[in-house]
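Have a look at the structure below, then the notes.
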Amino acid sequence: MLRKTSLLILLLLLAAVPVSAAAWGETWKWNEFNADYEKFYYEIISGSTSWDWELEEDVWVESTSYQLLEVTKIDDESWMVTQAQTSRMTKDELEGLSFMGGLSGLMALMGGNWFSEFMVLGMFASDLEFEVGNTMQLFDGSRVRVVEEQKVAGVDGFLARKLIREEDEEGNRRERVTSEWIIAPDVGWPLAVKVFDSDGNLTYSMTLLEYERR
């Protein structure tokens, strides 16, 4: 009798798994490229303060660049990958250009006050279930919340907002948005990213302009 009861419970649990998975939503297949060909073309805007010697004060300076990623599958073990970056340069920057310029994109990712926000990808990529209303707590005390569905470059995704609780000067607790991500669970790179500083200023944005998959 006990064996029959245990078997019945097991069958009920197995039957419930697909229902639960559907109710919880999909998780993000971060950095996975399963199509024969995928193309990503992004606009990237970054901003920071810089000292203006004429005005004798800090001014906000923005720069815009464009990034291309193409991934073509050769076989089950190899892919052909093309990456390109387009940006505006001053004369001094152009004169300093060298064959090492191909590393500039990587060097840019290693700096800036938004780099830590990119580390969150590895924290929630495979754990957060993308369904509106879902929330996940991170080890640093921040939370990632799935807010709503949004479409970018013709691709349906979910807006995930990362928030952290802080105290203001008067001791009142508040939630501050540190970054926003628009993610399609079956697309390996984000559709859009926004990163904010402690004052709520947008310091970095990465928006998908074109996406192709076949």
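Predicted model only: the values in this text are computed from it and were never measured. Residues: numbered from 1 along the sequence shown.
A salt bridge does not link K73 to D36: none of the charged side-chain nitrogens sits closer than 4.0 Å to a carboxylate oxygen. Between E70 and K39 there is no salt bridge, since no side-chain N of the basic residue sits under 4.0 Å from a carboxylate O of the acidic one. The pair E166-R173 fails the salt-bridge criterion, with no side-chain N (NZ, NE, NH1 or NH2) lying under 4.0 Å from an Asp/Glu carboxylate O. Using a 4.0 Å cut-off between a side-chain N of Lys or Arg and a carboxylate O of Asp or Glu, K162 and E180 do not qualify as a salt bridge.
Within the 4.5 Å cutoff, the side chain of F196 has no heavy atoms near those of the Y204 side chain. Side-chain contact check for L138 versus V144: some heavy-atom pair is nearer than 4.5 Å. Counting only heavy atoms from C-beta outward, the side chains of M206 and I45 never approach each other to under 4.5 Å. Annotation: side chain of Y37 is in contact with side chain of E212 (closest heavy-atom distance under 4.5 Å). Contact check for R176 versus L163: no side-chain heavy atoms found under the 4.5 Å cut-off. A heavy-atom distance below 4.5 Å is found between the side chains of Y66 and L209.
L191 and V132 end up in the same hydrophobic cluster when Ile, Leu, Val, Met, Phe, Trp and Tyr side chains are linked at under 4.5 Å. With hydrophobic clusters built from ILVMFWY side chains whose heavy atoms lie under 4.5 angstrom apart, I164 does not share a cluster with L128. Hydrophobic cluster membership differs between I74 and L69, with clusters built from Ile, Leu, Val, Met, Phe, Trp and Tyr side chains linked at under 4.5 angstrom. Under the 4.5 Å side-chain heavy-atom criterion for Ile, Leu, Val, Met, Phe, Trp and Tyr, F40 and M80 are members of distinct hydrophobic clusters. In the hydrophobic cluster analysis, where Ile, Leu, Val, Met, Phe, Trp and Tyr join through side-chain heavy atoms closer than 4.5 angstrom, M136 is grouped together with I182.
In this structure, the side chain of D75 engages the main chain of E77 through a donor-acceptor pair within 3.5 Å. In this structure, the side chain of N134 engages the main chain of E129 through a donor-acceptor pair within 3.5 Å.
The two residues G188 and W30 make their nearest non-hydrogen contact at O-CE3, 3.2 Å. Taking both residues in full, the closest heavy atoms of P185 and F130 are given as CG-CB, 4.0 Å, listed atom of the first, atom of the second, then distance.
Taken to the nearest 0.5 Å, the CD atom of E43 stands 6.5 Å off from the OG atom of S205. With rounding to the nearest 0.5 Å, the separation of CD1 in I183 from CG in D186 is 12.0 Å. Atom-to-atom distance recorded for S46:OG and L202:CG is 10.0 Å, nearest 0.5 angstrom. To the nearest 0.5 Å, atoms CD (E175) and OG (S142) are separated by 10.5 Å. Going from atom NZ of K194 over to atom OG1 of T203 covers 12.0 Å, rounded to the nearest 0.5 Å.
Each of E26, E148, E149, Q150 was scored for a side-chain contact (heavy atoms from CB on, under 4.5 Å) with F158, with one residue passing: E149.
Using modelled atom types and a 3.5 Å distance limit, the side chains of Y211 and E38 yield a donor-acceptor pair. Counted by atom type alone, Y42 and Q67 present zero donor-acceptor pairs between their side chains at under 3.5 Å.
Residue D76 places its CG atom among 12 or fewer non-hydrogen atoms of other residues, nucleotides or ligands, all under 6.0 Å distant.
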* Start with the C-alpha distance between V187 and R213, add both sets of side-chain angles, then the distance that settles side chain to side chain contact (heavy atoms under 4.5 Å, CB included), and finish with yes or no. => CA-CA 10 Å; V187 176; R213 179 177 187 158; 4.1 Å; yes
